[in-house]
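Beneath this line is the structure, given in structure tokens, with notes to follow.
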Amino acid sequence: MKLATWNVNSLAVRLPQLLDWLGQHQTDVVVLQETKLTDDKFPHEALKEAGYHAQWFGQKTYNGVALVSREPATDVARNIFGFEDEQARVIAATVNGVRVVGAYFPNGQAPDSDKFVYKMGWLTALRRWLADEMAQHPQLVLMGDFNIAPEDRDVYDPVAWAGQIHCTPEERAHFQALIAMGFVDAFRLFEQPPKSWSWWDYRNLAFRKNQGLRIDHILVSQALKPRVTACVIDKLPRKNERPSDHAPVVITLD
DNA sequence: ATGGCAGTGCTTCACTGA
């Protein structure tokens, strides 16, 4: 079983690339972030023609998430239970017996901003909710755009980024708190090329110079960990014409 | 220190992203 997460930065623009990518791989589940579509505009027909079911949760202009799967998804949940949120950031469902949580974590903008305060509150609420989800569904995978670079080795220039958004001690503490509750960073279960990133700035020829961050992650529960056989970042879509600034991260389960 | 690139939606520039 293959699952993936991809921040597409507008599904309206990236739909052809998504369909191409789904056609090239045997991906069973893909969670999308930054669809930037209201629910009435979600391209479920095109995905259906490609052989995929979809669940979606969007809004105008910003955010928006979706869960695309070969097999039907059940017990669909939107956003964090018990956390009032105007922003569409989370979609969860059960597929083939695996509880899948797809999330677009808040960016945070700057450590001294209101958006950072929102990010901290969102992260606390997420963890509280995930503890319940994990108790109910031991086979749980949390994947998405975390907007957190967990360690200095996940940053192309850790000195320049020290204390900056995605790299603050507060954000990294939240990531470690997820690890402390039993989640495992699937990417680090395997030997990986140094300077592995999932996002590269559109500016400054960052992709060509491989200047990026690893901020898109796949975390698996303890019960799921023995089933993980691979986890990779697929850089190829970042080489497309008009690419997303993020690359997909893919996990393979037995 | 700044902006650089991209997407959206109307304010055809401002906002957000990371």
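Chain naming here is simple, since letters A, B, ... match the order of the sequence lines and numbering starts at 1 in each.
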Exercise. Verify whether one side chain among A:Q17 and A:N240 offers a donor that lies under 3.5 Å from an acceptor in the other.
Key: yes
Quiz item: Under 4.0 Å: is that the gap between some side-chain N or O of A:S10 and OP1 or OP2 of B:dT8?
Solution: yes
Self-check item: P atoms of B:dC15 and B:dC10, separation to the nearest Å
Solution: 15 Å
For residues 67-74 of chain A, which side-chain donor-acceptor pairs fall under 3.5 Å, sequence neighbours excluded?
| unit_1 | atom_1 | unit_2 | atom_2 | d |
| --- | --- | --- | --- | --- |
| A:S69 | OG | A:E71 | O | 2.6 |
| A:R70 | NH2 | A:Y52 | OH | 3.4 |
| A:T74 | OG1 | A:T94 | O | 3.4 |

Quiz prompt | Between B:dC5 (C1') and A:R14 (CZ): distance, integer Å | solution = 12 Å
Quiz prompt | Whole-Å gap separating P (B:dG7) and CG (A:L37) | solution = 13 Å
Quiz item: Roughly, in whole Å, what's the span from CZ in A:R238 to C1' in B:dA6?
Solution: 10 Å
Quiz item: In the 5'-to-3' direction, what one-character label does each nucleotide of nucleotides 10-18 of chain B receive under the scheme B = base within less than 4.0 Å of a protein heavy atom, S = sugar-phosphate only, - = no such atom?
Solution: S----BSSB
Give the table of side-chain donor-acceptor pairs shorter than 3.5 Å for residues 157-172 of chain A, with sequence neighbours excluded, one pair per line with atom names and distance.
| unit_1 | atom_1 | unit_2 | atom_2 | d |
| --- | --- | --- | --- | --- |
| A:D157 | OD1 | A:V159 | N | 3.4 |
| A:D157 | OD1 | A:A160 | N | 3.1 |
| A:H166 | ND1 | A:N147 | O | 2.8 |
| A:T168 | OG1 | A:E171 | N | 3.2 |
| A:T168 | OG1 | A:E171 | OE1 | 2.6 |
| A:E171 | OE1 | A:H166 | N | 3.0 |
| A:E171 | OE1 | A:T168 | N | 3.2 |
| A:E171 | OE2 | A:K119 | NZ | 2.5 |
| A:E171 | OE2 | A:H166 | N | 3.0 |
| A:R172 | NE | A:A149 | O | 2.8 |
| A:R172 | NE | A:P150 | O | 3.4 |
| A:R172 | NH1 | A:D152 | OD1 | 3.0 |
| A:R172 | NH2 | A:A149 | O | 3.4 |
| A:R172 | NH2 | A:E151 | O | 3.3 |
| A:R172 | NH2 | A:D152 | OD1 | 3.3 |

Quiz prompt | Integer angstrom distance from the C1' of B:dT12 to that of B:dG7 | solution = 15 Å
Self-check item: salt bridge (charged side-chain N to carboxylate O under 4.0 Å, His left out) against A:D234, all qualifying residues, sequence neighbours excluded
Solution: none
Quiz item: Quick one: A:N204 CG to B:dA6 C1', roughly how many Å, whole number?
Solution: 13 Å
Quiz prompt | Pairwise P distance, B:dA1 and B:dT11 [rounded to whole Å] | solution = 35 Å
Quiz item: Mind checking what makes side chain to side chain contact (heavy atoms under 4.5 Å, CB included) contact with A:V117, not counting sequence neighbours?
Solution: none
Exercise. Rounded to the nearest angstrom, tell me the gap between atom CG in A:L11 and atom P in B:dT8.
Key: 10 Å
Exercise. Name all residues meeting the ring pair (Phe, Tyr, Trp, His ring centres under 6.0 Å) criterion together with A:F207; count only those two or more places apart in sequence or in a different chain, and write none if there are none.
Key: A:W200
Quiz prompt | Inter-nucleotide P distance (B:dC13, B:dT2), Å rounded | solution = 23 Å
